[in-house]
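Numbers restart at 1 for each chain; the letters A, B, ... are given by sequence-line order, proteins then strands.
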Protein chains: 4
Amino acid sequence: MGKKEVPSLVKDEKLIKKRREEMVKAAVSLFKENGFHRTTTREIAKASGFSIGTLYEYIRSKEDILYLVCDSIYDGVKERLNEEMSSSGNTAEDVKAAVTAYFKVMDEMQDEVLVMYQEVKSLSHEALPYVLKKEIEMTAMFEGLLLQARENNELSLSKQEVKAAAHNILIQGQMWTFRRWILQKLYTLEEYTDIQIKLLFDGIRREG
Amino acid sequence: MGKKEVPSLVKDEKLIKKRREEMVKAAVSLFKENGFHRTTTREIAKASGFSIGTLYEYIRSKEDILYLVCDSIYDGVKERLNEEMSSSGNTAEDVKAAVTAYFKVMDEMQDEVLVMYQEVKSLSHEALPYVLKKEIEMTAMFEGLLLQARENNELSLSKQEVKAAAHNILIQGQMWTFRRWILQKLYTLEEYTDIQIKLLFDGIRREG
Amino acid sequence: MGKKEVPSLVKDEKLIKKRREEMVKAAVSLFKENGFHRTTTREIAKASGFSIGTLYEYIRSKEDILYLVCDSIYDGVKERLNEEMSSSGNTAEDVKAAVTAYFKVMDEMQDEVLVMYQEVKSLSHEALPYVLKKEIEMTAMFEGLLLQARENNELSLSKQEVKAAAHNILIQGQMWTFRRWILQKLYTLEEYTDIQIKLLFDGIRREG
Amino acid sequence: MGKKEVPSLVKDEKLIKKRREEMVKAAVSLFKENGFHRTTTREIAKASGFSIGTLYEYIRSKEDILYLVCDSIYDGVKERLNEEMSSSGNTAEDVKAAVTAYFKVMDEMQDEVLVMYQEVKSLSHEALPYVLKKEIEMTAMFEGLLLQARENNELSLSKQEVKAAAHNILIQGQMWTFRRWILQKLYTLEEYTDIQIKLLFDGIRREG
DNA sequence: TATGAATGAGACTTCATTCAT
DNA sequence: CATGAATGAAGTCTCATTCAT
C-alpha cells in the first residue's frame with residue numbers, strides 16, 4: 001500500500017517485523033527525549049535490546065529508522081482512528097464524533113505524534129513523499145466526512161472551504177500535542193474538544 | 001524586555017549587534033536549506049563573512065546562534081506586524097484586518113517562520129522559555145483583539161473560546177508556511193485568508 | 001607436494017574439494033572486480049551458492065580463501081602450461097615454443113593471473129612462502145629449458161645470466177596482464193610474443 | 001603539470017606542503033609494513049605526529065593519502081633520475097648509463113617503489129589515470145633514449161621493438177624491488193645491472 | 001579584535017566470525 | 001552438514017570548540 005521498501009540483511013520476514021517493532025519503540029522513546037539528531041544509533045540499539053551490529057542487520061542507515069518510526073506512527077494513528085470511528089454516517093453529528101475520536105487518539109499518542117511532527121523534516125527527499133502522502137490521506141478522510149454531511153444539507157461550505165476545514169481539524173488535533181505546553185494547561189481534552197467543535201461549527205460571529 | 005543574555009568576548013556593543021545581525025542572516029539562510037543540525041559553525045562563519053575564530057568571539061556555542069536566530073525572527077515578525085496593523089480598533093472588521101495582516105506577514109517571512117518553527121525544539125531547556133514567551137505574547141495580541149470585539153458585542157465567545165480562537169489564528173498563519181507543500185498548491189494567499197476568516201467567523205454549520 | 005594444509009570442519013574430503021572449487025571460482029571473479037580487501041566473505045558465500053555459515057565450515061578465515069585462490073591459480077597455470085608444452089626438447093626453437101606457450105597461457109588466464117599478482121602480498125607471512133615457492137618452480141622450469149639449449153650450444157649465457165633470463169621471461173608474461181592497459185593497446189599477443197622473443201634472443205645491439 | 005588537485009581545509013599553501021610531506025613519509029613507512037588496507041588513518045595521523053582531526057584538514061579521504069603517496073614517489077624517482085642522468089647523449093653507452101642510473105634509483109628507493117607498485121591498484125578510477133600517466137612518461141623517457149641511439153645507428157630495432165624494450169627496462173628496474181626476495185639473494189645490484197644490460201644488448205643467442 | 005590551524009570525542013557504519021538451531 | 005541471525009571491535013570521517021599568533 002505504497003510503503004517505501006526498507007531492505008534488510010535478514011531473511012525471516014516475521015523476525016524483521018518483530019525486531020523493527022522493538023527498534024521503533026525504543027527509537028520513539030529516545031527521539032521524544034532528545035530528538036533524532038541527538039540520538040545515536042548505539043543508543044537505539046541498546047534501548048532495543050540488541051547490539052549495534054544487529055541493528056544494522058535490519059536497516060541500512062539511521063535515516064531508515066526515522067522513516068520506520070514515522071511510518072509506524074502514522075499506521076498507529078490510523079489504526080486507532082479506525083477503531084474509534086467504526087461506523088460513521090453522514091450527519092453533522094458524525095463529523096463531531098470523528099473530531100472527538102481524532103483528538104482522543106492524538107491525546108493518547110501524544111509522544112509519538114510529537115516525535116513525528118518534529119522530525120519528518122529530517123527525512124530525506126526520497127522518503128518524505130511517502131510520509132506526506134499519509135498526511136494527505138488523513139486530510140482526505142475528514143474531507144470525505146465533511147462532504148457527506150454537506151450532501152446531507154447539514155453544512156454550509158464551498159468545496160474549497162471543505163478542504164481548508166479538513167486541514168484545520170487535522171492541525172488542531174496535532175496542535176494539542178505540539179502546543180501542549182500551553183494548551184494542556186488551559187484545557188482538559190474534553191474542554192478543548194468541545195471548544196474546537198463549537199468554533200468549527202459556529203464560528204465566532206455574534207448572530208443577529 | 002526579557003531577552004536572554006548571550007555573552008560575547010567583544011566589548012563594543014555596536015559591533016556585537018552588527019556582527020550578530022550578519023551572523024543571523026547567514027544562519028537563517030543556511031538553516032532554511034539544511035536545518036540546524038546539518039549546518040556547521042564553519043559554514044555559518046563563512047557565509048557571515050568572517051572566520052570561525054571571529055564567530056566565537058560573538059557567541060559561546062552553536063546553540064547561541066539558534067537562539068539569536070529564533071529571537072531575531074520573532075522580533076522581525078512583530079515589527080512587520082506592527083507596521084501592518086498600526087491602528088486597530090475594536091470591531092470585528094479590525095479582527096479581520098489583523099488576521100489578514102498577520103497572514104500577509106507569515107507569507108512574506110515564510111522562510112524565517114519555517115526555520116523557527118522547525119528548529120525551536122533544538123533549543124536547550126534554558127533558552128526555550130524565552131522563545132515560548134514570545135509565542136504567548138503573540139497569542140495574547142490576538143486574544144486582546146478578540147476580547148475587544150467581544151466587549152463591543154460583535155462576537156459570541158466565552159473567555160476560554162477566545163483563547164482557543166487566538167491559538168487557532170496563530171497556527172493557521174504558521175500552517176500557511178509549514179504546510180505550504182499542499183496549501184500553496186490549493187490556494188492563493190488571498191483565497192486562503194478569505195476562507196480562513198469565513199470559517200473563523202461563521203463556522204461550517206448550515207443555518208436555519 | 002608442499003601445499004599448506006587448510007583445515008576444515010567437514011570430514012568428507014570429496015565434498016571439501018568440491019565446495020572449495022566453487023568457492024575459489026566465485027572468489028576469483030569477485031577479487032578481479034574489487035580486490036581482496038573490498039570483497040566480503042558474505043559476497044563470496046553468496047556467489048559460491050552457499051551460506052556464510054557453510055563457507056566457514058570449509059575454511060578458517062578469509063585469508064584461507066586468498067591462499068586457496070592463489071594456490072589454485074598457480075595450479076591452473078601449470079596445468080595449462082604442461083598441456084601446451086607437452087614434448088619440449090633442448091633446442092633454441094624449443095625455448096621459443098615454450099615462451100610462446102607461456103605467453104598464451106598468461107593471455108588466456110589474464111584475470112586469474114592479475115588477481116594473484118595483485119593480492120599475493122596480502123597473504124600472511126605464514127602462507128606467502130608456499131606461493132613464492134611456486135613462482136620459483138616456474139622460474140626453474142624456464143631455467144631448465146635455457147640450460148638445455150645452452151648445453152646444446154645454441155645459447156651464449158653464463159649461469160647467472162640464465163637465471164636472469166628466466167626471470168625476465170616470467171615477468172614479461174605477467175607484464176602482458178598487469179600492463180594490459182598499455183601493452184594490449186600497442187600489440188596483439190602474437191606481435192608481443194614475437195617482439196619479446198626477438199629481443200630475448202638478439203638484443204638491441206646493431207651488429208657489425 | 002597535470003596533477004590531481006587534492007583540496008585542503010587549510011589555506012596556507014606552504015603549510016599544506018609541509019604537513020603533506022610529513023604525512024606521506026609516515027604513510028609510506030606504514031604502507032610498506034602493512035599495506036594500504038591494513039593501515040588505519042589513525043595510525044597515519046599518529047605516525048605523522050598530528051591528530052586525526054588535523055590529518056583530515058589536509059586531505060578529504062584515506063584514498064587521498066594513497067594518491068599523494070604515489071604521486072610523491074613518482075616525483076621522487078623522477079627527481080633522483082634527473083640528478084643521475086644529467087647529461088645523456090645519443091650513444092649506446094648513454095643508454096647503458098641511463099639503465100644503470102635507473103636501477104640505482106630503484107635500489108635506493110626500494111621501499112617506496114614497492115609500496116607504489118603494490119598499492120596503485122587500490123586507487124580509485126578517478127585517481128588512477130594520473131598515476132598511469134607518470135608511468136607512461138617514464139617509459140617514454142627510455143623510448144626517447146633508445147630512439148636517439150637508433151638514429152645514431154648503434155641499435156637495431158623497429159619502432160615497435162623500441163617501445164617493448166623501453167617497457168622491459170622499466171619493469172626490470174621495478175622487478176629488482178618486487179622480486180627482491182629472490183633477486184637480491186642471487187645478485188648484487190651491480191651484477192644485476194650488468195647482466196640485464198648484457199641481455200638487453202646482446203640477447204641470448206649464440207652468434208656464428 | 002581577528003584569524004585559522006589544531007584538537008579529539010564521538011558519530012555512523014562495516015564485516016569477519018561464531019554458534020544455536 | 002547447513003543455515004543465518006547475532007555480535008562488537010574497529011574503521012573512516014566530522015565538527016564544535018580552543019588558543020597561539
Listed pairs under 3.5 Å, donor-acceptor, residues 27-38 of chain D side chains, sequence neighbours left out:
{"from": "D:K32", "atom 1": "NZ", "to": "D:D111", "atom 2": "OD2", "distance (Å)": "3.1"}
{"from": "D:H37", "atom 1": "ND1", "to": "C:H37", "atom 2": "ND1", "distance (Å)": "3.3"}
{"from": "D:R38", "atom 1": "NH2", "to": "C:S122", "atom 2": "O", "distance (Å)": "2.9"}

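Within residues 7-16 of chain C, the residues approaching DNA chain F are C:V10, C:K11, C:D12, by heavy-atom distance under 4.0 Å. Of all the residues in residues 64-72 of chain B, not one reaches under 4.0 Å from DNA chain F with any non-hydrogen atom.
Between B:K4 and B:D71 no salt bridge is recorded (no basic side-chain N to carboxylate O distance below 4.0 Å). A salt bridge is defined here as a Lys NZ or Arg NE, NH1 or NH2 lying under 4.0 Å from an Asp or Glu carboxylate O, and D:K17 with D:E21 meets this definition. A salt bridge links B:R42 to D:E57: at least one charged side-chain nitrogen sits closer than 4.0 Å to a carboxylate oxygen. Ion pairing between a basic and an acidic side chain is recognised when a charged N comes within 4.0 Å of a carboxylate O; B:D75 and B:K3 show such pairing. The residues C:R19 and C:E22 are annotated as salt-bridged, a charged nitrogen and a carboxylate oxygen being separated by less than 4.0 angstrom.
Rounded to a whole Å, the CE atom of D:M23 is 15 Å from the C1' atom of E:dA6. Straight-line distance from the CD1 atom of D:I59 to the P atom of E:dA5: 16 Å, rounded to whole Å. To the nearest angstrom, P of E:dA5 lies 15 Å from CD of D:E22. Distance CG (D:N34) to P (F:dG11): 11 Å, rounded to an integer number of Å. Following rounding to the nearest Å, B:K46 (NZ) and E:dA2 (C1') show an atom-to-atom distance of 18 Å. Here the P atom of nucleotide F:dT12 and the CD1 atom of D:I44 are 8 Å apart, to the nearest Å.
Within the structure, every side-chain polar atom (N or O) of C:Y58 is placed at least 4.0 Å from both OP1 and OP2 of F:dC1. Between A:R19 and F:dA6 there is a side-chain N or O to OP1 or OP2 distance below 4.0 Å.
A distance of 10.0 Å separates CE of C:M116 from CG of C:L114, quoted to the nearest 0.5 Å. Within the model, atoms OG of A:S8 and CD1 of A:I59 stand 9.5 Å from one another, a figure rounded to the nearest 0.5 Å. How far OG of D:S51 is from NZ of D:K46: 12.5 Å, rounded to the nearest 0.5 Å.
Applying the ring-ring contact (aromatic ring centres under 6.0 Å, His included) definition to pairs two or more places apart or across chains, none involves residues 38-59 of chain A.
You'll find the side chain of A:K121 reaches within 4.5 Å of the side chain of B:E119, heavy atoms only. Between C:L66 and C:V120, every side-chain heavy-atom pair lies at or beyond the 4.5 Å cut-off.
DNA chain E contains the following stems of three or more consecutive Watson-Crick or G-U pairs, with both distances under 3.5 Å: E:2-21 with F:2-21.
Between the side chain of D:E43 and the backbone N or O of D:T40 there is at least one donor-acceptor pair closer than 3.5 Å.
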Inset, instruction - Mark up nucleotides 7-12 of chain E, 5' to 3', with B wherever a protein heavy atom is under 4.0 angstrom from a base atom, S wherever such an atom reaches only the sugar-phosphate, and - elsewhere. - result: BBBBSB
